[in-house]
S.K.: 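I have a structure I would like to understand better, so I am pasting it below and will then ask my questions one at a time.
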Amino acid sequence: MKNYVLPSMLIGSVLLLSACKPIDWAEKQWNSPFNNVSSEKKEKNTEDPKEERPQEENLPWLEETVTVSGDGKAVVHNLDDFLIVANKERNLPEDYEPADLVTPNVPFPFKEDLPKKKMRKEAALSLEVLFKAAEDKGLELLAQSGYRSYDTQVSIFAFNAEEKGEEIANKTSSKPGQSEHQTGLSIDVTSSEVNYELTEAFGETKEGKWLAENAHKYGFIIRYLKGKEAITGYNYEPWHLRYVGVEHAKKIHEQGITLEEYLQKP
C-alpha cells in the first residue's frame, strides 16, 4: 500500500489546483505576450499609410539618387531606373537618351513618325495593354506626346515662356533637363471629347475618369495630381501618365500620393 501513497497525493494535488482560479501573477505572465502583440497591432493601425512601408525596402530614395555639382545643381544618376525622378530640383544630364526607345502600337492624332511617339520598351508595351483595356470599355484614347530630348525641351520651354511669360510657363512646362518626358517613361494622352488637346477638362471626360481609377493596374500613375502642386511643382495634369511598374503604381494610387512622397525616405 505504501507504494501508492505518493502518486495518490500528486493526483489529488493536480485535481485541487485545476479547480482553482489561476493566481494573478501567473495570469499576467500568460497573457502579457498576447497583450504586447495586440498593442503593437493597434499602434501600427494608427500610423500614417506612408509609414507602413518597411524602412529596409530597397527603393531608390530621392536623397540617394542625385549628385550635387559644384554649382549646387542636383543631377540624377539612377537614369535607367523605372522610379527615376526628374523635377524642378532634380536634373537629367543634357546628353541622356534611353537606349530602348520604341514606338507603342497605339493611336496618335498625327501620322508623322516623330520622336515623341516613342517610349521605353516596357512602358510602351504596358501602354498598349492599357489602351486595349480602355478600348474594350468603349473608350477612345490617343497618345499625344512621349519622349522628348533635352534639345526639344529647350525649344518647348522657350516658346511657352515667350507666349505666357516664364513664371506661368514654369508651372505648366519643364525647363530643359527637368522634364519627365526625357526619361521615356511619360506619355500625354487625350481624346476627341477635348478635341485632342491637353487640357484639365480631360479629367472630367469618361476617358480621364477611367484613367484616374485604372491606370495603376497597368503600371501607370497620374503624375501631377490636383492638390499636390506644392510638391510636384506643376499644375494638375490629368493627361500626363507616368510608368513606374504595376507594384509601385498600385501602392502610390492606393495611398493617393505623388512619386516624390513615395520615394521620400522614412
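We count residues from 1, following the sequence as given.
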S.K.: When hydrophobic residues are tied together by side-chain contacts of less than 4.5 Å, even through go-betweens, does Leu198 share a cluster with Leu225?
M.R.: yes
S.K.: Could you tell me whether a side-chain N or O of Thr152 sits under 3.5 Å from a main-chain N or O of Arg148, the two making a donor and an acceptor?
M.R.: no
S.K.: Check whether Arg90 reaches the backbone of Val85 with its side chain - one donor and one acceptor, N or O, closer than 3.5 Å.
M.R.: yes
S.K.: Say whether, by atom type as modelled, one donor and one acceptor occur between the side chain of Ser192 and the main chain of Asn195 under 3.5 angstrom.
M.R.: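 No; zero donor-acceptor contacts below 3.5 Å.
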S.K.: Considering all heavy atoms of both residues, which atom of Thr67 and which atom of His77 are nearest to each other, and what is their separation?
M.R.: OG1-CD2, 3.2 Å
S.K.: Identify whether Leu114 and Leu185 are in the same connected component of the hydrophobic contact network (ILVMFWY, side-chain heavy atoms under 4.5 Å).
M.R.: yes
S.K.: Tell me whether Lys117 forms a cation-pi arrangement with Phe108, defined as NZ or CZ under 6.0 Å from the six-membered ring centre and within 45 degrees of its axis.
M.R.: yes
S.K.: Would you name the heavy atoms of Leu263 and Leu83 that are closest together and state the gap between them?
M.R.: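 Distance-wise, the nearest heavy atoms are CD1-O, 3.4 Å.
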S.K.: Taking NZ in Lys228 as the centre, count heavy atoms belonging to other residues, nucleotides or ligands within less than 6.0 Å. Is the count above 12?
M.R.: yes
S.K.: Would you say the side chain of Asn78 lies within less than 4.5 Å of the side chain of Val76, judging by non-hydrogen atoms?
M.R.: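 Touching, per the 4.5 Å side-chain cut-off.
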S.K.: Hey, can you tell me if Phe82 and Tyr243 have their rings parallel, tilted or perpendicular (30° and 60° cut-offs)?
M.R.: perpendicular
S.K.: Does this structure show an ion pair linking Glu128 with Lys132, if we count only N-O contacts that are shorter than 4.0 Å?
M.R.: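 No.
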S.K.: With a 4.5 Å cut-off on side-chain heavy atoms, are Pro60 and Ile84 touching?
M.R.: no
S.K.: Counting C-beta onward and ignoring hydrogens, is there a side-chain heavy-atom pair between Pro109 and Gln144 closer than 4.5 Å?
M.R.: yes
S.K.: Contact between Leu127 and Phe220 at the side-chain level, heavy atoms closer than 4.5 Å - yes or no?
M.R.: yes
S.K.: Which pair of non-hydrogen atoms, one from Ala215 and one from Leu241, has the smallest distance, and what is that distance?
M.R.: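 That would be CB-CD2, 4.3 Å.
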S.K.: Sub-3.5 Å donor-acceptor pair from the side chain of Glu213 to the main-chain atoms of Leu211, do we have one?
M.R.: no
S.K.: So do the side chains of Leu92 and Leu79 get within less than 4.5 Å of each other, counting heavy atoms only?
M.R.: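 In short, these two side chains touch, coming nearer than 4.5 Å.
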S.K.: Taking salt bridge (charged side-chain N to carboxylate O under 4.0 Å, His left out) as the criterion, tell me which of Lys118, Arg120, Lys121 meets it with Asp100.
M.R.: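 Output: one option passes, namely Arg120.
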S.K.: Considering only heavy atoms from C-beta outward, does the side chain of His216 approach that of Glu254 to under 4.5 Å?
M.R.: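 His216 vs Glu254: side chains apart.
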S.K.: With a cut-off of 6.0 Å (strictly less than), are more than 12 heavy atoms of other residues, nucleotides or ligands near CZ of Phe110?
M.R.: yes
S.K.: Give a yes or no on whether Tyr224 and Val189 share a hydrophobic cluster (residues Ile, Leu, Val, Met, Phe, Trp, Tyr; joining criterion: side-chain heavy atoms under 4.5 Å apart).
M.R.: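 Result: no, two separate clusters.
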S.K.: Check the hydrophobic clustering (I, L, V, M, F, W, Y; side-chain heavy atoms under 4.5 Å; chains of links allowed) and say if Leu130 and Ile221 are grouped together.
M.R.: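 Looking at the clustering, Ile221 is in a separate group from Leu130.
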S.K.: Using ring centroids (six-membered ring only for Trp), state whether Tyr147 and His181 fall under 6.0 Å.
M.R.: no
S.K.: Applying salt bridge (charged side-chain N to carboxylate O under 4.0 Å, His left out), can you list everything that pairs with Glu167, at least two apart in sequence or on another chain?
M.R.: none
S.K.: Checking side-chain polar atoms at under 3.5 Å, does Asn91 have a donor or acceptor matched by the opposite partner on Gln178?
M.R.: yes
S.K.: Give the cluster check for Tyr96 versus Val66: same hydrophobic cluster or not, with ILVMFWY residues linked at side-chain heavy-atom distances below 4.5 Å.
M.R.: yes
S.K.: Are the side chains of Gln255 and Glu261 in contact, using a 4.5 Å heavy-atom criterion?
M.R.: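 Result no, sub-4.5 Å side-chain heavy-atom pair not found.
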S.K.: Crowded around Glu166 CD? As in, over 12 foreign heavy atoms under 6.0 Å?
M.R.: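 Counting other residues, nucleotides and ligands, CD of Glu166 stays at 12 neighbours or fewer.
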S.K.: Nearest heavy-atom pair of Gln153 and Ser179: which atoms, and what distance?
M.R.: OE1-OG, 3.5 Å
S.K.: Taking only Lys NZ, Arg NE, NH1 and NH2, and the carboxylate oxygens of Asp or Glu, determine whether Arg223 and Glu237 approach each other closer than 4.0 Å.
M.R.: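 Judged by the 4.0 Å cut-off on N to carboxylate O distance, Arg223 and Glu237 do not form a salt bridge.
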S.K.: Using the test side-chain hydrogen bond (donor to acceptor under 3.5 Å, both in side chains), find all partners of Asn235 that sit at least two apart in sequence or belong to another chain.
M.R.: none
S.K.: Within the supplied structure, the quantity of interest is the number of heavy atoms (other residues, nucleotides, ligands) at a distance under 6.0 Å from Glu112 CD; does it exceed 12?
M.R.: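 Enclosed.
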S.K.: Checking Lys88 against Tyr234: charged group under 6.0 Å from the ring centre and within 45 degrees of the axis?
M.R.: yes
S.K.: Is it the case that Asn160 and Ser173 place a side-chain donor and acceptor less than 3.5 Å from each other?
M.R.: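 Side-chain D/A pair, Asn160 to Ser173: present.
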S.K.: Ignoring hydrogens, what is the shortest heavy-atom contact between Ala201 and Val194? Give both atom names and the distance.
M.R.: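 Ala201 and Val194 have their closest heavy atoms at C-CG1, 4.1 Å.
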S.K.: With sequence neighbours left out, write down each residue that passes side-chain hydrogen bond (donor to acceptor under 3.5 Å, both in side chains) with Glu89, or none if nothing qualifies.
M.R.: none
